[in-house]
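For reference, the structure is listed below as structure tokens.
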Amino acid sequence: MPRRHDPERRQRIIDAAIRVVGRQGIAGLSHRTVAAEADVPLGSTTYHFATLDELLVAALRQANEGFAKVVAGHPAPAGPDADLAGELARVLGEWLGGDRTGVELEYELYLAALRRPALRPVAAEWAEGVGALLAARTDPVTARALVAVLDGICLQVLLTDSVYDEGYAREVLARVLGGATGT
């Protein structure tokens with residue numbers, strides 16, 4: 001029987017893995033559950049991703065694009081009077097105010113790096129990518145501190161199921177930026 005050409009299969013498998021983790025958490029992820037979700041033969045998942053860690057790396061890479069897209073989608077106000085703290089607080093509010101399930105999924109995959117070393121470089125890529133976007137507006141050390149604060153605020157909101165407080169976020173971010181150039 002001739003082999004069916006399906007150039008989108010790998011992407012469908014990644015998308016299916018993200019949906020499975022979104023519904024069942026990482027504990028519910030297996031080649032079998034992903035194959036069923038993607039409506040592909042089990043062998044396809046193992047062909048494209050020999051291990052679950054490989055599949056999780058691909059899913060995390062794709063999920064990481066969410067916040068970076070929101071940040072990159074906001075034109076950076078320039079000049080010494082630009083309110084970077086206010087802009088970041090608005091961006092964070094937009095991200096947390098959108099699809100909460102998507103944000104939770106991104107963090108679940110991101111935090112999975114604690115127990116799955118294969119995911120650590122991808123988690124670091126996320127932090128470095130957002131840090132690089134912010135370093136263009138401030139210095140590299142302050143950019144790293146901003147990433148840590150943004151991360152912390154997100155985790156607090158998600159873990160406590162509380163409402164995002166943009167005013168609080170702006171105040172905290174402004175304090176971090178207090179010693180940075182361009183604020």
Side-chain angles (χ1 to χ4, degrees), residues 3-74 88 91-136 143-144 146-162 164 169:
R3 194 170 191 185
R4 189 173 146 218
H5 180 66
D6 187 358
E8 301 300 317
R9 185 172 289 193
R10 184 178 193 282
Q11 184 59 53
R12 283 200 331 270
I13 292 169
I14 295 168
D15 294 340
I18 289 172
R19 288 191 304 273
V20 168
V21 172
R23 272 196 320 269
Q24 302 173 26
I26 290 177
L29 186 74
S30 69
H31 282 288
R32 191 170 305 285
T33 59
V34 171
E37 179 71 24
D39 194 26
V40 299
L42 179 60
S44 288
T45 63
T46 57
Y47 171 79
H48 289 286
F49 304 98
T51 67
L52 285 179
D53 279 351
E54 287 180 19
L55 181 54
L56 281 170
V57 164
L60 179 56
R61 259 208 182 93
Q62 184 167 311
N64 278 350
E65 296 170 1
F67 184 67
K69 281 182 184 175
V70 173
V71 171
H74 283 265
L88 288 174
V91 167
L92 197 58
E94 180 182 317
W95 191 54
L96 288 168
D99 176 20
R100 185 87 171 232
T101 304
V103 176
E104 290 171 358
L105 169 69
E106 286 186 52
Y107 267 95
E108 182 165 2
L109 288 167
Y110 180 64
L111 293 173
L114 291 170
R115 300 277 184 235
R116 294 179 179 260
L119 296 177
R120 289 180 187 161
V122 183
E125 285 173 16
W126 177 87
E128 290 166 7
V130 174
L133 287 171
L134 296 175
R144 284 183 63 195
L146 289 170
V147 170
V149 169
L150 292 169
D151 240 354
I153 291 171
C154 286
L155 282 171
Q156 287 176 356
V157 169
L158 293 172
L159 294 174
T160 62
D161 200 28
S162 57
Y164 173 69

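Along the sequence shown, the residues carry numbers beginning at 1.
Separating the CD atom in E106 from the CG atom in L158 is a distance of 10.0 Å, to the nearest 0.5 Å. In this structure, the separation between NE2 on H31 and CZ on F49 is 9.5 Å, given to the nearest 0.5 Å. For the atom pair L109 CG and I26 CD1, the distance stands at 5.0 Å (nearest 0.5 Å). The distance from atom CD of Q24 to atom CG of L29, rounded to the nearest 0.5 Å, is 8.5 Å. To the nearest 0.5 angstrom, R9 atom CZ is 9.0 Å from D39 atom CG. Rounding to the nearest 0.5 angstrom, the gap separating the CD atom in E104 from the CG atom in L159 is 9.0 Å.
Of all heavy-atom pairs spanning A127 and V147, the tightest one is O-CG2, 4.0 Å. Across E54 and H48, no two heavy atoms sit closer than the pair OE1-O, 4.3 Å. Summarising the geometry of V103 relative to L96, their closest heavy-atom pair is CG1-CD2, 3.8 Å, with the distance given to 0.1 Å. A38 and I13 make their closest contact through CB-CA, 4.2 Å (heavy atoms, listed as atom of the first residue, atom of the second, distance). Taking all atoms of both residues into account, the shortest heavy-atom contact from V57 to A118 is CG2-O, 3.4 Å. Nearest heavy atoms, R120 versus A113: NE-O, 2.8 Å.
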- request: Under the side chain to side chain contact (heavy atoms under 4.5 Å, CB included) rule, what do L88 and L134 come out as? Steps first, then yes or no, please.
  value: CA-CA 10 Å; L88 288 174; L134 296 175; 3.5 Å; yes

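The side chain to side chain contact (heavy atoms under 4.5 Å, CB included) check on S30 picks up R32, T33, with sequence neighbours excluded. In terms of the ring-ring contact (aromatic ring centres under 6.0 Å, His included) criterion, Y164 has no residue partners (sequence neighbours excluded).
V21 pairs with exactly one of L60, L105, V34 by the side-chain contact (heavy atoms from CB on, under 4.5 Å) rule, that one being L105.
Counting non-hydrogen atoms of neighbouring residues, nucleotides and ligands closer than 6.0 angstrom, the CZ atom of R116 exceeds 12 such neighbours.
Classified by interplanar angle (parallel below 30°, tilted 30° to 60°, perpendicular above 60°), the ring pair Y107/W95 is tilted.
At a threshold of 4.5 Å between non-hydrogen side-chain atoms, the residues E94 and V91 do not count as touching. A 4.5 Å side-chain heavy-atom check between R61 and I14 finds every atom pair outside the cut-off. The shortest distance between side-chain heavy atoms of L92 and L150 falls below 4.5 Å.
For residues 147-156, there are no salt bridge (charged side-chain N to carboxylate O under 4.0 Å, His left out) pairs, not counting sequence neighbours.
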